[in-house]
Asks: 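Would you mind keeping the following structure in view while I ask a few things?
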Amino acid sequence: MLEMTRIRAERNEIIEGLKKRNIDVTETIDAVLEKDQQWRAAKTSMESIASELNKIAKEIGDLFRQGKAAEAEAAKTKTSELKQEESSLKTQVDELEAAITELLYQIPNVPNALVKAGKNEEDNETVEEVGTRKPLHEGAVPHWELTKQYNLIDFELGVKVTGAGFPIYRGKGAKLQRALIQFFLDEAEKAGYEEFIVPHVVNEASAYGTGQLPDKEGQMYYIPEDDLYMIPTAEVPLTNIYRDVLLPDESFSIKLTGYTPCFRREAGSYGAHVRGLNRLHQFDKVEIVRIEHPTNTDKALTEMIDHVKGLLAKLGLHYRVLRLCGGDTGFASAMTYDFEVYSAAQEKWLEVSSCSRFDTFQANRLKLRFKTADKKNQLVHTLNGSALALPRIMAALMENHQTPEGIEIPECLHKYTGFKVIN
RNA sequence: GGAGAGUUGGCAGAGUGGUCGAUUGCGGCGGUCUUGAAAACCGUUGUACCGCGAGGUACCGGGGGUUCGAAUCCCUCACUCUCCGCCA
């Protein structure tokens with residue numbers, strides 16, 4: 001959520017910036033500013049009446065103590081009109097506040113200066129492409145064939161037990177999955193991230209804190225009985241650890257990581273896009289989260305990108321890095337880099353990671369602040385990224401490392417899998 | 001599932017209708033003393049919003065009510081803890 005003070009001060013810059021998302025928020029912003037004006041006026045009058053009432057109440061107290069009951073009773077009659085006025089102003093103030101919040105929820109984050117204007121994924125910039133396409137052997141197949149052939153993942157069994165989009169990993173498939181999780185966590189730890197094991201369901205306040213609510217409730221599984229939401233990403237519980245926190249000084253740099261399954265209802269998927277591991281209702285992911293001083297955000301994002309690059313390089317995958325255009329950048333994000341690996345057998349790019357900076361957008365809702373040297377409270381910057389999401393990495397590994405003799409496992413995973421090839 | 005007790009400032013913990021934004025202790029910050037430190041002593045120390053400012057308003061789990069006046073009384077919701085039951 002954008003800060004009100006910023007909207008007051010930078011109306012034009014915000015409107016201009018958001019045009020890169022292919023939207024025009026002039027109307028919304030001006031409505032916010034108008035209601036803000038009214039709100040402040042109503043609030044000021046309400047408070048002066050409150051002040052008046054407080055004064056009278058004090059006088060009445062004094063009169064009673066002095067035994068002047070008659071005078072006290074007389075003073076009481078003065079208050080009723082003021083009280084009525086106050087309560088009607090309070091209604092106004094409350095309504096305006098609600099209306100402003102409602103409008104603010106509709107305004108996405110302002111894109112970073114580096115972000116290009118654009119409509120959708122076709123306008124994304126390729127920042128870098130690393131590695132080359134390894135030619136596959138004759139008879140190479142997509143991962144959904146390989147998983148069947150080597151008995152690694154059983155999609156039908158998942159349908160039986162739960163439903164579509166809930167695959168069951170078995171044997172070496174299960175072991176490879178676990179190996180990847182351990183590898184990612186160990187690498188994150190080496191990079192200075194503290195590991196957390198967090199709840200897989202969260203309360204409503206947490207879902208608001210990271211911006212899943214309001215609006216995106218349809219994307220989460222919800223447990224009405226207990227009023228809890230199943231997490232769509234570890235970002236939610238990890239970031240909410242720091243909800244309503246005031247950091248005592250400016251010398252912080254918080255790096256968190258955690259593995260969790262992620263649950264997404266993802267309505268409206270279809271066809272080849274959802275084949276095999278491409279799109280699931282439940283998948284595993286290792287997430288990295290950072291809470292940084294605003295002056296450190298550029299550096300932090302670069303470090304996160306380098307970290308993800310390192311993982312992909314060790315896995316021997318050919319990948320590219322995209323800077324998303326305005327229209328494709330998530331609602332809360334100021335700038336997002338996507339990582340995609342090439343799936344030779346499917347002949348397409350698969351998104352395996354997404355690293356974003358949110359600047360103060362999330363922190364504002366989370367009320368996550370730090371004390372500056374001159375004792376002011378200032379919002380922190382938050383960032384997060386996947387390092388990495390498992391299913392498409394599994395898919396890419398199987399497809400790209402397949403040989404007529406079997407699937408070769410990258411060396412960095414050997415100590416976790418205990419095997420070097422799946423055949 | 002049954003019964004009970006709670007929720008107050010960074011933490012601990014008082015406060016049952018007015019002088020309470022709130023006793024006190026710890027912690028933090030500043031000072032005295034000291035070569036330095038510790039101890040002791042003195043002082044200071046919440047957040048948000050409105051206002052150019054002086055200043056004002058709100059906040060004692062959330063919401064509502066009673067009252068001239070609520071941390072304190074009433075209603076309601078949420079959460080936490082303890083004991084019993086069940087269970088991995």
Side-chain angles (χ1 to χ4, degrees), chain A residues 1-9 32-101 103-104 197-209 213-214 222-229 237 240-252 254 261 291 360 363-380:
Chain A
M1 186 156 72
L2 289 180
E3 299 145 80
M4 197 61 230
T5 48
R6 183 171 168 198
I7 295 177
R8 284 180 200 146
V32 167
L33 287 171
E34 193 196 329
K35 292 201 183 297
D36 179 52
Q37 202 78 41
Q38 297 168 358
W39 174 76
R40 287 199 271 176
K43 187 161 169 125
T44 306
S45 354
M46 180 183 88
E47 288 183 351
S48 68
I49 290 173
S51 176
E52 185 78 9
L53 282 166
N54 285 344
K55 213 184 293 169
I56 295 173
K58 229 164 234 160
E59 284 166 14
I60 291 172
D62 288 340
L63 290 171
F64 272 123
R65 259 190 304 282
Q66 292 164 27
K68 301 176 180 167
E71 283 178 51
E73 288 303 328
K76 278 192 197 182
T77 61
K78 289 196 296 185
T79 61
S80 77
E81 200 179 316
L82 283 172
K83 277 175 76 171
Q84 227 164 50
E85 227 177 299
E86 187 197 30
S87 104
S88 103
L89 280 166
K90 183 174 189 312
T91 309
Q92 265 185 55
V93 168
D94 288 349
E95 280 171 9
L96 285 165
E97 244 164 49
I100 290 169
T101 307
L103 289 168
L104 287 179
I197 294 178
V198 292
H200 297 171
V201 292
V202 294
N203 57 29
E204 196 176 61
S206 292
Y208 269 100
L213 292 179
Y222 174 58
I223 306 163
E225 191 89 320
D226 300 293
D227 206 12
L228 295 172
Y229 296 85
N240 272 285
I241 291 172
Y242 283 90
R243 171 156 47 84
D244 292 323
V245 167
L246 178 59
L247 299 164
D249 56 48
E250 308 204 26
S251 66
F252 62 92
I254 297 164
I291 292 164
T360 57
N364 189 28
R365 257 203 231 186
L366 289 163
K367 289 203 182 62
L368 170 47
R369 296 158 302 172
F370 66 96
K371 257 303 176 225
T372 62
D374 54 342
K375 303 286 176 203
K376 297 251 189 287
N377 295 338
Q378 194 182 329
L379 293 170
V380 305

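As the structure is a computational prediction, the values presented were derived from the model and not from experiment. Lettering follows sequence order; numbering is per chain, from 1.
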Asks: What distance, rounded to whole Å, do you find between the two C1' atoms, one in B:A70 and one in B:G51?
Replies: 28 Å

Asks: Tell me which nucleotide among B:G51, B:C49, B:A48 gets nearest to the side chain of A:Asn377.
Replies: B:A48

Asks: Quick one: pull up CG in A:Leu368 and CZ in A:Arg243 and give me the separation to the nearest 0.5 Å.
Replies: 11.0 Å

Asks: What distance, rounded to whole Å, do you find between the two P atoms, one in B:G1 and one in B:U72?
Replies: 30 Å

Asks: Taking atom P in both B:C26 and B:G18, compute the distance separating them and give it to the nearest angstrom.
Replies: 29 Å

Asks: Among B:G64, B:C68, B:C50, which is the nearest nucleotide to the side chain of A:Lys43?
Replies: B:C50

Asks: When you measure from every atom of RNA chain B, which of residues 363-371 of chain A have a heavy atom less than 4.0 Å away?
Replies: A:Arg369, A:Lys371

Asks: What integer number of Å spans the C1' atoms of B:A71 and B:U67?
Replies: 16 Å

Asks: Would you indicate which nucleotide in B:G18, B:G64, B:C49 comes nearest to any side-chain atom of A:Ala57?
Replies: B:G18

Asks: What's the closest nucleotide to the side chain of A:Asn54 if the choices are B:C50, B:U57, B:C68?
Replies: B:U57

Asks: In the structure I gave you, are the side-chain heavy atoms of A:Leu247 and A:Val380 within less than 4.5 Å of one another anywhere?
Replies: yes

Asks: Distance check, C1' atoms only: B:A78 and B:G64, in whole angstrom units.
Replies: 14 Å

Asks: Please measure how far the P atom in B:U45 lies from the corresponding atom in B:A22, and state the result in whole Å.
Replies: 10 Å

Asks: Would you say B:C49 has OP1 or OP2 under 4.0 Å from some side-chain N or O of A:Arg40?
Replies: no

Asks: Quick one: OG1 on A:Thr77 to CD1 on A:Ile56, what's the gap to the nearest 0.5 Å?
Replies: 9.0 Å

Asks: Side-chain N or O of A:Thr44 versus OP1/OP2 of B:G51: is the shortest distance under 4.0 Å?
Replies: no

Asks: Please convert RNA chain B into dot-bracket. A pair counts if it is Watson-Crick or G-U wobble with both distances under 3.5 Å; crossing pairs go in [ ] and bases paired with another strand get |.
Replies: ((((((((.[[[..)..(.....]]]((((((.......))))))(((((....))))).[[[[[..)....]]]]])))))))....

Asks: State which residue, out of A:Leu103, A:Leu2, A:Asp36, fulfils the side-chain contact (heavy atoms from CB on, under 4.5 Å) condition with A:Ile7.
Replies: A:Leu2

Asks: Whole angstrom is fine here: how far is it from CD in A:Glu97 over to P in B:G63?
Replies: 12 Å

Asks: Checking side-chain contact (heavy atoms from CB on, under 4.5 Å) against A:Leu53, which of A:Glu85, A:Lys58, A:Glu86 comes through?
Replies: A:Glu86

Asks: Go through the side-chain N and O atoms of A:Asn203 and A:Tyr229 and say whether any donor and acceptor fall under 3.5 Å apart.
Replies: no

Asks: Might you confirm whether atom CD of A:Gln378 has over 12 heavy atoms from other residues, nucleotides or ligands at distances under 6.0 Å?
Replies: yes

Asks: Could you work out the separation of B:A3 and B:A88 based on their C1' atoms and round it to a whole Å?
Replies: 25 Å

Asks: When the nearest nucleotide of RNA chain B is assigned to A:Ser51 and to A:Thr5 on a heavy-atom basis, which residue is associated with the more 5' position?
Replies: A:Thr5

Asks: Pick the C1' atom in B:C84 and in B:A14, then give their distance to the nearest Å.
Replies: 32 Å

Asks: Considering residues, nucleotides and ligands other than A:Glu81, do more than 12 of their heavy atoms fall under 6.0 Å from its CD?
Replies: no

Asks: Would you say that more than 12 heavy atoms from the other residues, nucleotides or ligands in this model lie under 6.0 Å from the NZ of A:Lys367, or not?
Replies: no

Asks: B:C68, B:C49, B:G64: which one has an atom nearest the side-chain heavy atoms of A:Lys83?
Replies: B:C68

Asks: Any idea which of B:A58, B:C49, B:C68 is nearest the A:Ala50 side chain?
Replies: B:A58

Asks: Is there a side-chain contact (heavy atoms from CB on, under 4.5 Å) between A:Asn240 and A:Val202? Walk through the geometry before answering.
Replies: CA-CA 9 Å; A:Asn240 272 285; A:Val202 294; over 6 Å; no

